[in-house]
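Order of listing sets the numbers, starting from 1, for every ligand and every atom in it. This is a predicted model, so every value here is computed, not measured.
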Amino acid sequence: MTTIGIIGAGNIGSNVAKAAIANGYEVVISNSRGPETLGDLIDELGSKATAATAEDAAEAGDFVVVAVPLKNYREVPVGPLAGKLVIDANNYYFERDGRIEALDNNETTTSQMLQEHLPESQVVKAFNNIPAKDIPTDGAPAGSDNRRALPIAGDIAEAKARVAALLDEFGFDAVDVGPLEDSWRVERDRPAYVVRSNADELRDRIAEAVR
Ligand SMILES: NC(=O)c1ccc[n+]([C@@H]2O[C@H](COP(=O)([O-])OP(=O)(O)OC[C@H]3O[C@@H](n4cnc5c(N)ncnc54)[C@H](OP(=O)(O)O)[C@@H]3O)[C@@H](O)[C@H]2O)c1
């Protein structure tokens with residue numbers, strides 16, 4: 001049984017957990033306030049879900065989804081994620097996260113920031129481009145008409161292939177944006193951002209993006 005560690009139990013974390021459990025995974029999920037505050041969510045998710053600290057979720061996961069507000073990314077535990085695939089759902093909302101000069105100046109991307117924080121991990125951006133509630137509900141079998149596509153970005157081909165396979169299980173095509181440095185193309189205010197797209201439409205919208 002494969003276990004997905006989830007750091008952040010809000011909109012994205014809880015909906016990734018639902019999709020994961022529906023597809024046969026176990027999840028170990030965490031928030032900032034401690035596992036004792038996650039009782040209602042665990043009741044909802046059922047016996048395949050366990051609440052933990054962020055450190056324990058990172059430790060338990062065969063791979064790990066990071067779904068905390070960007071302003072908290074430096075709190076993500078580094079040691080237990082070394083050597084692991086880390087899926088990054090982050091987006092930059094200055095109203096929530098405060099101004100981050102390197103992003104405002106287009107010198108980096110949110111996922112490059114997380115990769116720098118987790119130098120021994122393999123960061124792949126995914127799930128940043130879909131309203132959280134659609135993750136467990138909008139999937140469809142491979143080959144379905146107008147199947148929704150989600151972008152992925154990362155620097156390691158093998159890690160991206162694993163995430164593409166996960167998205168396929170969840171019911172989505174994956175469109176490769178390129179390395180983490182190109183992930184700005186699917187962030188907030190770009191043409192592809194949270195617009196429901198099939199793979200062809202998503203490729204077109206990614207190509208239209210201007211930084
Ligand atoms: N909402 C969407 O539809 C959506 C779509 C795509 C991407 N995103 C992006 O995904 C990220 C998460 O968004 P969200 O909407 O899921 O946020 P959210 O609903 O506010 O949930 C954030 C979660 O992160 C937890 N958290 C904060 N600091 C933590 C830490 N140091 N360790 C462990 N957990 C921590 C919070 O725990 P506590 O409650 O205990 O503080 C909460 O469970 C953001 O960057 C957002 O922009 C969101």
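- Between Arg196 and Asp138 there is a salt bridge, since a side-chain N of the basic residue sits under 4.0 Å from a carboxylate O of the acidic one.
- In terms of heavy-atom proximity, Ala52 sits nearest to Val28 at CB-CG1, 3.4 Å.
- Remark: ligand 1 atoms within the under-4.0 Å shell around heavy atoms of Glu75 are 28 (N), 30 (C), 31 (N).
- Polar contact with ligand 1: absent for Asn128 (N/O pair, distance under 3.5 Å).
- Judged by the shortest distance from any of its heavy atoms, Tyr92 lies outside the 4.0 Å radius around the atoms of ligand 1.
- Of all protein heavy atoms, the one lying nearest to atom 16 (O) of ligand 1 is Ile12 N, 2.8 Å.
- Other members of the cluster containing Tyr93 are Tyr193, Val194, with ILVMFWY side chains joined at under 4.5 Å, either directly or via other members.
- Taking only non-hydrogen atoms, the option from Ile135, Asn129, Asn31 nearest to atom 34 (N) of ligand 1 is Asn31.
- Shortest contact from atom 11 (C) of ligand 1 to any protein heavy atom: Val68 O, 3.5 Å.
- Annotation: Tyr93 places no N or O atom under 3.5 Å from an N or O atom of ligand 1; distance criterion only.
- Of all the atoms in ligand 1, the ones that sit under 4.0 Å from a non-hydrogen atom of Gly8 are 23 (C), 24 (O), 25 (C), 34 (N), 43 (O).
- Each of the following atoms of ligand 1 lies closer than 4.0 Å to a heavy atom of Pro69: 22 (C), 24 (O), 27 (C).
- Listed by atom number, the atoms of ligand 1 under 4.0 Å from Pro131 heavy atoms are 3 (O).
- With no hydrogens or angles considered, a side-chain donor-acceptor pair links Thr37 and Asn31 at under 3.5 Å.
- Look at Lys133 and you'll find every heavy atom at least 4.0 Å from all atoms of ligand 1.
- Side chains of Thr137 and Lys18: a donor-acceptor N/O pair is absent below 3.5 angstrom, by distance only.
- At a cut-off of 3.5 Å, with distance as the only test, no side-chain donor of Asp62 or Thr2 sits close to an acceptor on the other residue.
- In this structure the side chain of Phe172 reaches within 4.5 angstrom of the side chain of Ile130, judged on heavy atoms.
- For atom 12 (C) of ligand 1, the nearest non-hydrogen atom from the set Ala132, Ala67, Ala126 comes from Ala67.
- Of the polar atoms of Asn11, at least one N or O is found under 3.5 Å from an N or O of ligand 1, judged by distance alone.
- Side-chain polar atoms of Thr110 and Glu187 form a donor-acceptor pair below 3.5 angstrom.
- Looking only at atom types and distance, the side chain of Asp88 has a donor-acceptor partner in the side chain of Asn90 under 3.5 Å away.
- Residue-to-ligand polar distances keep Ile7 apart from ligand 1: every N/O pair is separated by 3.5 Å or more.
- Salt-bridge check for Arg211 with Asp182: failed, with every basic side-chain N at 4.0 Å or more from each acidic carboxylate O.
- For ligand 1, the atoms lying closer than 4.0 Å to a non-hydrogen atom of Phe127 are 6 (C), 7 (C).
- Linking ILVMFWY side-chain heavy atoms closer than 4.5 Å, directly or via other members, places Val27 and Val16 in a single hydrophobic cluster.
- Taking each of Asn91, Asp97, Asp88, Leu70 in turn, the one with a heavy atom nearest to atom 7 (C) of ligand 1 proves to be Asn91.
- What sits closest to atom 45 (O) of ligand 1 on the protein, heavy atoms only, is Asn90 OD1, 2.7 Å.
- By the 3.5 Å distance cut-off applied to N or O atoms, Ala9 is counted among the residues near ligand 1.
- Between His117 and Val76 the shortest heavy-atom distance is NE2-O, 2.7 Å.
- The shortest contact between atom 38 (P) of ligand 1 and any protein heavy atom is with Ser32 OG, 3.3 Å.
- The distance criterion of under 3.5 Å between nitrogen or oxygen atoms is met by Gly10 with respect to ligand 1.
- Residues in residues 154-166 take part in these salt bridge (charged side-chain N to carboxylate O under 4.0 Å, His left out) pairs, two or more places apart or across chains: Lys160-Asp176.
- The closest approach between Ile130 and ligand 1 falls below 4.0 Å for a heavy atom of the residue.
- Nearest protein neighbour of atom 39 (O) of ligand 1, counting heavy atoms only, is Arg33 NH2, 3.0 Å.
- In the vicinity of Asn72, heavy-atom distances shorter than 4.0 Å reach the ligand 1 atoms 27 (C), 28 (N).
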